Amino acid sequence: MQYNHKEIEENWQKFWADNQTFKATNPAQSSDEGDADKPKYYVLDMFPYPSGAGLHVGHPLGYIASDIYARYKRHKGFNVLHPQGYDSFGLPAEQYAIQTGQHPAKTTEANITTYRKQLDKIGFSFDWSREVRTSDPVYYKWTQWIFIQLFNSWYNKDTDKAEDVSTLVSIFKKQGNATVNAVADAEIESFSSEAWKAFSKTEQEAILLQYRLSYLSDTEVNWCPVLGTVLANDEIVNGVSERGGHPVVRKKMTQWSMRISAYAQRLLDGLEKIDWPQPLKDSQTNWIGRSQGAMVSFDVDGGVSKGSTDIKLSYKELEALKELRLNLSKAEGILWDELKNKKGAAKFRKKYTIGAFLVDYVCLAKNTIVEFSGKEDEAARTAFFAKEGFNVVRFTNEEVTESVLKVVAKINNALQFPTVVKVEKAASTKKLAAYKIDVFTTRPDTIFGVSFMTLAPEHPLVSKIVTGAQKKAVNAYIKATAKRSERERMADVKTISGVFTGAYALHPFTGNKVQIWIGDYVLANYGTGAVMAVPCGDQRDYDFAKHFDIAIPNIFEGIDISEAAHTGKDGTKIANSDFLSGLKYKKALKLAIFEMEKRGFGYGKINYRLRDAVFSRQRYWGEPFPVYYKDGMPQMIDEKHLPIVLPEVEKYLPTEAGEPPLGRATTWAWDSRGKKVVSNEKLKNKTVYPLELNTMPGWAGSSWYFNRYMDASNETEFASKESLDYWKEVDLYIGGSEHATGHLLYARFWQKFLFDKGIVPVDEFAKKLINQGMILGTSAFVYRATPFIKSDCFTDHTSEATLNKLPVILVSKNLFTSDAEFEAIVKNEFLDKGFLTPDEADMIMIVKTAIHADVSLVNSSDELDIEAFKNQPINQDYKKATFILKDGTYFVGREVEKMSKSKYNVVNPDDIVEEYGADALRLFEMFLGPLEQAKPWKTSGISGVYSFLKKLWKLYVDENGVAVSKEKATKEELKILHKTIKKVAEDIENFSFNTSVSTFMIAVNELTALKCNKNEVLAPMLVLLSPYAPHITEELWSKLGNKESISTASFPIFDAKHLIESAKEYPISFNGKMRFTIELPLDLSKDEIEVAVLSDEKTIAQLAGAAPKKVIIVPGKIVNIVS
RNA sequence: GCUCAAGUGGCGGAAUUGGUAGACGCGCUGGAUUCAAAAUCCAGUUUUUUCGGAAGUGCGGGUUCGAUUCCCGCCUUGAGUACCA
């Protein structure tokens, strides 16, 4: 009986499908009590986008690894959830639809069918009953539902989580928005509760939109009017579209955005508790881009200079105050717990000095002091604070301990309606300084090095502060920069450009005048769109200052800045900086922020690079928004009317008016009375409204699918609470690293949001993640000779004719090692065959061109099938070509490249399965190398695992059928088995699948050598191998007489007693170099070993009479003799 | 520029509390079997050598009885990212 992979694999794949062998049971629905008792384990692959090209051998790599792990966990007694589905919304299907008019749903369906067939052939243990497709209305109903939840939420910084918008409304009703500490749009006008109640409904909605987690905003995008779509930055080259070269303008468009920035810190913190690859965590950390620094406000000069008269404290005094701050009384502690969470503008400090007084708490931004009453000098304090422009609120200890919430409410009220208005101080000095420039800096310690400021050309203040003389130059500059895309500006780092506005700002500490410039090295949408320039400490500022001849004051002690800025911070002392002089970075930083806060023009702040995510796409093939517009304001459709299904359109292009493709739909209006989508004609009716024309981006559906698998067919809920509580999170997630800052960041964001809302039980969706490496293709090349006339020999009449008579020549790879050799071979051929005269040969030069040959035409020895090559339609040029052969064969060159159709190096798994079987494919993909590493594919290597399978088969089956005996296994045979159990279990736990394949090979080789046919060894061996090669092991398992699938068998238990040895082949090294081995019993003592080794004749010979200086003996390991 | 990862035979790769470098497989060479081929089996395959050995894990140092493994400094390749203030 021969190993027939085709028959075996087909049979077992059918068996698994028919018996639903891998269907995972949720405890609630379980009739089988066995599964409910088992611990759960959730193994997930990143679901594929079903492209038209189908799978190549690189795609299943991760699936095979996860499948092995899933099967292993089943053997280990876990209830395993191992689902699969399709991320089936996407651009290629839409592009195809635009070109052919074919509905994307149709092509997607066809592609899915192909994918499924290909996947099934590899024998995965997926639970297909839980399949999801993001483009299926049954699924995207819940994507729309999540969108509504986001819309109905705002981010409360005080509780640090998302809350329902209704809580926000009730705060507005009671106290307006001054006390609200939210992550929201930048400039929201403040209003009182009375004002809120007086707003119209539309006005209220407009205000709420500024707080919602999914919100509409005017975002600047690259709009291409000709193509009628928004382009991504990388689709624009030199200001025109990459496709077609049409002009692109930057245009503000109303787009949906997601307030992911609210979760920046939690996304960062969460990384610490998940087991994800470090490089991936690093790139997320980078992407979030947290930087700690300060917000500083510079007044624009109105002509009055202002010196600082504030009382300063030495650093020592400040340190002493710090101590005080740490020791709080009970009441102080309670109140501080309430106040400390206030951030941004309402941030409180404790134990703070104002003038000569130490106050309990102060909010510097709002000029409000909170104190415990009963201090001796209360009258004097009140008077001084009032003079300085502070409001004071006082409480007794009792008030705080009895009801801290009442106290907080009073404080909130005081913050909002100050009794002392902060004008006195400002009036005298700042009357004319109407404008302020806020900047963010990570180096507030260098503030005394500021010699100018730079605003982004788009900064709103530019037009207000520019002086008459500079207006023309500034406007010209703004115009010029507006034409360039942001990417272009970023790419062009070398050119320094900028214009002086004519205006000056006042240095907040020194009162000195500093020039205000605009320059495109400052980006409008990072930070505040303005920087304080410290040329001595920042290279960009330095270059700018040099270029425009602006002063570069040096504030670093003993540092030479004549050539470049000094950007290092550790170890350098600050100089020429008033109270910061003599301090090092850390202390200077703290003190600078401290002083800024005290004087009220700055505060410590953390900035993130992470920007809110634009959520609208002007595309057809995506989830429609459950949104209609009433009086211009977006309205959510009630969840009971979901899904809102994608409408039919006759063309998948934008409309002539520039609307997205959904603008072509004729049935795309919301009947708010009938609660359904109706024809656009009904828009005349008062209760019918237009629906949103954008669709959601690709990442919408993939940001929560892992939760859906837990309860995939639930029609009434996102997923039932019981199933979410049972499966909780993905235990093992396998997929490519290209999703590091896309899918994996957005999915974490949504999971945290869903957690805040109490919908899911955990706030990180995947405990462990592994990035599988890419499988690269091994391209094959043929070498074509391209003749050119040498430039100095060029004459019109000869050249054309000479070149035209030359045939196409292809030279076999190992005939040449250099370009010169190649040229010589080709010229000789031309001369031999009489195509060229020697004179002509001197006139031309031959250039070698490597051309991709289809890898399917090349065998494992790199020999090209020339006839087949000539007959390929794409190779018509070579139909009559001359092939210069080596030993009668054309050898191709090889190079490792990314697997892609255009490189003709794609290997289809179907062909491999056909020839060698799925088990061989699975083993081989694992055998290639470590899972995480990129590695080249070479089909020839598969013969190794294929003959392994044949050898394995022969251990169990001979010509007459099963040949396994019930005899007792020998010690040696048991040792092989247990050695294998140990190694394979360790390898799987460590995801080191490549090494376990070689362990199997060793075991089979050894058992074959022993002619072992004992069931006692061979049966457990099958279970060990079954995660890797499930078909052949099922077959042999049933041949051994088992009725149940091998997947129900439990993993063999390792018993160390079989590995105990009595003797060891000791390596004997001299000065660390192993020279020979001596076999010694393992129970010898150190001394006995030394005697045995030193008396051995090989040792004596090696020492050649010299006495060993030292003998190192590690019993059971090694002997090292130092001589 | 910055961040991260990796450099071991002809090739993929193995070797972790520092202890026999090159497991396992491909490829190649020779042999057996065969009319022949496929398949299968056996032997060999890091380099060098005066056949005793000697050298050897990107390069240069260091720690150690002993380093592919730990430390310092470089080089190369790959990936990500960038006027981020």
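Predicted model, so just to flag it, every value in this text is computed and none were measured. Chain identifiers are assigned alphabetically (A, B, ...) following the order of the sequence lines, protein sequences preceding nucleic acid strands; residue numbering begins at 1 within each chain.
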Under a 3.5 Å limit for both distances, which nucleotide forms a Watson-Crick or G-U wobble pair with [N], could you say?
N	value
B:rA23	none
B:rU50	none
B:rA85	none
B:rA37	none
B:rG18	none
B:rU77	B:rA5
B:rA43	B:rU29

Select base, sugar-phosphate, or nothing to describe what [X] touches, counting heavy atoms under 4.0 Å on all strands.
X	result
A:S1069	nothing
A:K1073	base
A:D538	nothing
A:Q933	sugar-phosphate
A:T528	nothing

Do the side chain of [X] and the main chain of [Y] share a donor and acceptor less than 3.5 angstrom apart?
X	Y	result
A:Y1066	A:G1116	yes
A:R609	A:N286	yes
A:R922	A:Y1028	yes

For B:rG18, decide between syn and anti, treating a glycosidic angle within 90° of 0 as syn.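 Judged by the O4'-C1' to base torsion, B:rG18 sits in anti, the angle falling more than 90° away from 0.
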
Syn versus anti for B:rG31, judged by chi lying within 90° of 0? anti

Nearest whole angstrom, please: distance from the [atom2] of [N] to the [atom1] of [X].
X	N	atom1	atom2	result
A:K951	B:rC24	NZ	P	10 Å
A:K950	B:rA38	NZ	P	13 Å
A:Y946	B:rG25	OH	C1'	17 Å
A:N994	B:rA14	CG	C1'	8 Å
A:K938	B:rC28	NZ	C1'	11 Å
A:E1065	B:rG19	CD	P	19 Å
A:D541	B:rC84	CG	C1'	12 Å
A:M1074	B:rG18	CE	P	21 Å

Cationic N near anionic O, under 4.0 Å, A:D1096 to A:K1098: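 Looking at A:K1098 together with A:D1096, the answer is no, because their closest N to O distance does not fall below 4.0 Å.
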
Do NZ/NE/NH1/NH2 and the carboxylate oxygens of A:E986 and A:K982 come within less than 4.0 Å? yes

Among the candidates B:rA85, B:rC24, B:rC84, find the nucleotide nearest to the side-chain atoms of A:I1002. B:rC24

Taking B:rG73 as the reference, what is the distance to B:rU81 when you measure between their C1' atoms (whole Å, please)? 26 Å

When rounded to the nearest Å, what value does the distance between C1' atoms of B:rA6 and B:rG52 take? 40 Å

Please report whether the ring centroid of A:F509 lies less than 6.0 Å from that of A:F601.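 Yes; A:F509 has its ring centre under 6.0 Å from that of A:F601.
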
Using a cut-off of strictly less than 4.0 Å, decide whether [X] has a side-chain nitrogen or oxygen near OP1 or OP2 of [N].
X	N	result
A:N1005	B:rG25	yes
A:R540	B:rC84	yes
A:R1075	B:rG53	no

CD1-OH distance between A:I518 and A:Y477, expressed to the nearest 0.5 angstrom: 6.5 Å

Please figure out whether A:S943 or A:I1112 has its closest RNA chain B nucleotide nearer the 5' end.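 Closer to the 5' end of RNA chain B: A:S943.
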
